[in-house]
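Heads up: the structure comes next, in structure tokens.
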Amino acid sequence: MDAVGILPLDVLGGVILLWLVLGLFGLVLQNTPHLISSIIFPLGAIAALVVAGTGLWALGAAPSIAVLPLGLPDLPLHLRLDPLAAFFLILLGGASFGVSLFSAGYFRSMAGGMLALLCLEYHLFLASMALILVADDAYMFMVAWESMALSSYFLVTTDHAIPDIRKAGFLYLLVAHVGAISILLCFGVMQGGHGIGAYTFAAMREAHLSPFWSSIAFLLALFGFGAKAGVLPLHVWLPEAYPAAPSPVAALLSGVLLKTAIYGILRITFDLLATQLWWWGVLALALGLITAVFGVMFAAVQGDMKRLLAYSSIENAGLLLVGIGLTVIFHVYGKDALAALSLTAALYHCLNHAFFKSLLFIGTGSILHATGERNMGRLGGLIRKMPWAAALMLVGVLSISGLPPFNGFVSEWLLLQAFLLSPGLPNSYINMLIPVAAAVIALAAALAAYVMVKFYGIIFLGQHREKALEQAHDAGIWERIGLTWLAIVCVVLGLAPVFVVQHLDQVTRMLLGHGLGNAAAGWLFLAPVDIERASYSPVIFLSAVLGVMLMTALGVHRFYHGRLRRGPAWNCGFPVQNARMQDTAEGFGQPIRRIFEPFFRIESELPSAFDTHPRYHGRSDDRIWFALYLPIKSLTEKLSSRASLLQHGRIHLYLTYTFATLVVLLAFV
Amino acid sequence: MSIPFTTQIINLLASILLLIAFAMLSQRRILSLIKLFAWQGLALSASTFVVAYSTAQHHLYYSAALTLLLKVLILPWLLHRLIHKLNVKWDVETLINIPTTMLVGIVLVIFAFNLAAPISQLSESITRGLIGIALASVLLSLLMMITRRKAVPQVVGFLAMENGLFFAATSATHGMPLVVELGIALDVLVGTFIFGIFFFQLRETFDSLDITHMEKLKDD
Amino acid sequence: MTNNASQTLGILFQLCQSLLVVALAPLLTGWVNQCRAWLQNRSGAGLLQPYRTLRKLFHKDAVLAYNASPLFRITPYILFGCMWLAAAIIPIIAIDLPFSPAADVIALVGVFALARVFISLAAMDIGTAFGSLGARREMLVSFLAEPALLMVFFTSSLISHSTQLPHIVGTFAHHEFVLYPSLAFAGLAFVIVLLAENARIPVDNPSTHLELTMIHEAMILEYSARHLALVEWASNLKLLAYISIGIALFVPYGIAEVGNWGVLPLAIAALLVKLALAGAGLALLEALLAKMRIFRAPEFLGTAFLLAVLGLLIHFLLGA
């Protein structure tokens, strides 16, 4: 117990309440929308920062527990703040701080009534995510999970006047509920038939399930949380819902909501289930690899910038799952140091993805504000109109591409190290397959760089593809602050891996009973195993490159004249050059479409050479949608049309059904 | 390192054998395919020679020489003559595209290596671990036979498979008795002749070497 | 020797190598070009031509397109910085350079990727058709080459149990000579990656004047004067860095220990001989091969990937 008597959990409870109150206040203020955007959202952002601070505080402290007298009679709600929850709280607070600040600027022009509703849903969403993280019983967890699903559904369908968005929202809700049912069943399995008292997590930890039931629970959890994270083949809602949602909401969906799914998998696999089996790891690894490659491949052929980012989120969810799978494998085979390393990599990547993906998503919001265009084929050259957004998003792009010295690289590096150290497992198949898996990771990472060059190059570089872009304006001051915060965190996470890894030790120690230990050789070098084996120092790297750059620049200007003229682009002397001659988004993705052709369902229509009004049309669709979801849909429709035979509209007949059912039940049960 | 140098050379040659099996799988031209087959024969002969040297088994010298004669000189020459006469220098057609075939090949290699792992644990000879490679090359050659549409590459695949088996024999048991080897060599030679005759018949009947035409031969 | 003194010596060695690589890089390119000229029965421009080109470019007035952004102007410096760093930390004359632990082989791949992303972005900055074409192709080649390169590194790190280049080199250079079949595969794969990443012939042609076939050249069409000079110098350094990696991984013999001044001249001489041989080999390869269609390149690089993976598997089977 702390001397002051205040526990981290108390502070957190206060903040969650504050969020709810802020949301309600938004409703009151619906006639003064500018107050909502300039007071409520910044206050919410400060609350988020407090959440992050609380998380940091709780990371080192002992777990704190609380029992709320709320809820149903005899079913009190249990809360618990342990290092795992604390880590995800840091992530939630840190990312939503930036996003909330950005929202203060982004939603400025929204109509009052709509904004008030959005404000309520937004803060409810944040509060329920925080509650998910500290829930310590299945009941509390499911309540928070459902309120998160519902609030995010309403957030996604903010622009519900557009039919496509309603459709996307429906799909989202559907998958969310299928997932929720699976999670509920998972909790049902885990309480192990001990009756109503066993619904707390504490009881589940004690219920030693047989391997069979453990596996069932794990599979249900993987399905349920996988649906939320966008793991194949449950990813279909994601590229629809993310673009439909307003950009800050999309940022939270991808940056934070996706991580609550990862949190759920981690919580159930390592904390609630007492034993793990090696094939869980292999399954997670395989699913993760497929998801990662699939996601990045589809991201490469997208023309809509938010869809592109959505597919990239699928890729990152895959990478996270790979990290978890690897952790399970190592943990089961008793390689504790390696398990800690791969879990550290996965957690680090969670943190990274929360920040760079939020940054990119809200960045697309700024672009959308400035141009009203989501289609990359109508953008271009924005670096000259939006220098702030361009510079800050460049940080995000470099981070997500996994380039040193930014943060994406650190987690990629840690993950590859974990792969490299894998030999020596007792199963020779796994031994040989794991390096091949590492190759797939490398492929996904390299493709991610391709995707991001496309994303940034098409949107920000080159000439304006449309005349209207001349009028584009840069991000506003709130937007800039939000973007800057996220970009700074990306850079800091990239430059100070030693400190981050030290703090992650608490989480791995809690989940695996083993930490990485001294992961650093001095404060400069990150060396997860041994300085002889591997080390990386982003600070030295950055200062060396910057030093050389500065020296070269000075040298060049000192010894030579440094004169500069401006002229028209040379372009090998071709006289006519206009914006139409640049690569389009489709053009840039064409090599990927061609190389991975069998994976896409391509429809394209090419104009003939003699066409006076040539039109090109191309679509690359997801085969899974056609092969899996449409059959399910038509089957459901068929079944429900059968069921509608029962429907007559006559009340007597319905009563007869009820009666018959009652009689049958009484007779047989 | 405790591994003697001769074993290192055998390991290297074994790897080359596997590499050539992969190269054959990816090869589009018949002429290069035959060239690769000759190279594989050379690697095989060299490895047999080294095994002979390191274990001082004289009959293996003969078998190395026999391999050199038959698989590096005579069979490629025969095949060359054959394709000249048949005039089939065009590209090899595959049933499955090549990258997919390669991926399947990698999976086969992993499978073969794991399958051979317990066997090579039993073997005490210097060349344990090579059985996996031999098995992998056999499987790869089979895969090549499956995926090729034309008759000549299939025969090359058959011959390459025999190379893999021969390699397994020399590496695991230091060779079979010379009589058996001679018999097999003769078999292969005769087999090639028979295949040659078969090609001519095939072309006369269907005016093509595409073996998918043989589907027409079954009764309906 | 005290710890402090050896540290000073280490820094001296580091400085020595850094200066050596940056001075030597254009010479290597000149040598490769000269060899190629000889093989093609031309007399060639001489070994020093790259230096003359650099000097000429530095003296010229830079011309920038009207719409060039700061990204375009800063990229040459980033390229140069990355490549210099890469070339400087690869242990080629001495093991245990003090900067080496800053980036192990995986980070080295990252350094190359960073430079590549920046040059691709810069190529798209002006908004010409050729620029974005080049950028697209460069990223295409790289996303296939990068995993192959990583697999090559994986093979050698599995053998030496380290991803630190100095450690890898130490394992190979100071132990008894052992034939590693897996490394032979990795070596082949590495050569393919080297050709692809350095815009060499079967994938790209460094001396082409036909825009539609260009990859690397198409990206730097808009650069002039000092910017172009830095880009060129950076690609010279990149070639040197790649060949150095090859030397470090596959033929590290003759490398010096830090703190041993006596063998340094010998190490440098050995390095020069190895570089000359590698350059000549590269020229020979380029003379023998023909440029491929762009969509043949994925298959070519797929071969590299396959070879590297096979090398890994063979390492597991044979333990060597």
Side-chain angles (χ1 to χ4, degrees), chain A residues 380-381 383-384 398 401-404 409 413 416-417 420 423 431-432 435-436 438-439 442-443 446-447 449-450 453 456-457 461-463 525 531-537 540-541 544-545 548-549 552-553 556 560 563-572 577 579 581-583 588 591 594-595, chain C residues 58-59 61-67 69 71 77-78 80-82 84-85 99 101-104 106-107 110-111 113-114 117 120-121 124-130 132-133 135-136 139-140 142-143 146-147 150-151 154 157-158 161-164 167 211 221-222 226 230 295 298 309 312-313 316:
Chain A
I383 194 172
R384 285 171 273 284
L398 295 176
S401 310
L403 299 174
F409 180 75
W413 188 83
L416 286 173
Q417 291 293 351
L420 248 181
N431 244 349
M432 281 192 191
V436 180
L443 180 76
L447 260 174
Y450 186 105
V453 166
Y456 195 80
L461 305 176
Q463 309 173 38
F525 293 99
I531 187 91
E532 289 278 277
R533 283 208 72 133
S535 66
Y536 165 59
S537 169
I540 292 188
F541 174 84
V545 172
V548 171
M549 278 171 64
T552 329
V556 165
Y560 300 97
R563 276 196 297 269
L564 189 81
R565 275 191 292 128
R566 291 273 181 172
W570 178 48
N571 200 24
C572 288
Q577 43 177 311
M581 290 175 163
Q582 302 172 83
D583 242 352
F588 209 90
R594 185 160 165 174
I595 293 173
Chain C
F58 274 123
H59 273 292
D61 281 13
V63 184
L64 276 186
Y66 288 122
N67 61 353
S69 70
L71 183 74
Y77 298 98
I78 294 179
F80 188 71
C82 285
W84 193 356
L85 179 72
F99 267 26
D104 65 352
I106 301 178
V111 177
L114 180 69
V117 164
S120 305
L121 288 177
M124 296 177 80
D125 187 49
I126 308 292
T128 59
F130 295 132
S132 46
L133 175 138
R136 188 209 314 167
M139 293 314 288
L140 168 69
S142 72
F143 95 74
E146 206 181 287
L150 258 179
M151 285 296 105
F154 265 38
S157 11
L158 281 176
H161 302 292
S162 170
T163 58
Q164 299 277 46
H167 202 84
E211 295 88 352
L221 281 176
E222 297 300 325
R226 56 174 184 273
L230 284 175
F295 276 106
V309 171
L312 263 184
L313 292 178
F316 278 116

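The figures here come from the full heavy-atom set of this structure, side chains too, leaving out hydrogens, waters and symmetry mates. By convention in this document, chain letters (A, B, ...) are assigned in the order of the sequence lines, proteins followed by strands, and residues within each chain are numbered from 1.
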Would a distance-only check, ignoring hydrogens and angles, find a side-chain to backbone donor-acceptor pair under 3.5 Å from C:R136 to A:Y450? no
Can you give me the closest heavy-atom contact between A:P404 and C:L114, atom names plus distance? O-CD2, 3.4 Å
Atom group of C:L221 that falls short of 4.5 Å from chain A, counting heavy atoms: both
Take the angle between the ring planes of C:F58 and A:Y560 and call it parallel below 30°, perpendicular above 60°, tilted in between. parallel
Could you tell me if A:R594 sits above the aromatic ring of C:F295, with its cationic atom closer than 6.0 Å to the ring centre and no more than 45 degrees from the axis? yes
Measuring from atom CG of C:D125 to atom OH of A:Y456, what distance do you get when rounded to the nearest 0.5 angstrom? 9.0 Å
Sort out for me which of A:V436, A:L416, A:I540 touches chain C most, counting heavy-atom pairs under 4.5 Å. A:L416
Value rounded to 0.5 Å, distance of CG in C:D61 from CZ in A:R563: 4.5 Å
Criterion side chain to side chain contact (heavy atoms under 4.5 Å, CB included) on A:M549 and C:F80, from CA distance to verdict: CA-CA 7 Å; A:M549 278 171 64; C:F80 188 71; over 6 Å; no
Side chain to side chain contact (heavy atoms under 4.5 Å, CB included) between C:L121 and A:L461, worked out: CA-CA 8 Å; C:L121 288 177; A:L461 305 176; 3.8 Å; yes
Would you check if A:N571 and C:E222 make a side-chain contact, meaning some heavy-atom pair closer than 4.5 Å? yes
Does A:W570 form a side chain to side chain contact (heavy atoms under 4.5 Å, CB included) with C:T128? I'd like the steps, not just the answer. CA-CA 9 Å; A:W570 178 48; C:T128 59; over 6 Å; no
Run the side chain to side chain contact (heavy atoms under 4.5 Å, CB included) check on C:I106 and A:Y536 step by step: do they pass? CA-CA 9 Å; C:I106 301 178; A:Y536 165 59; over 6 Å; no
For the CG atom of A:L564 and the CZ atom of C:R226, what is their distance to the nearest 0.5 Å? 5.5 Å
Expected output: side-chain A:R384 to main-chain C:N67 donor-acceptor under 3.5 Å: yes
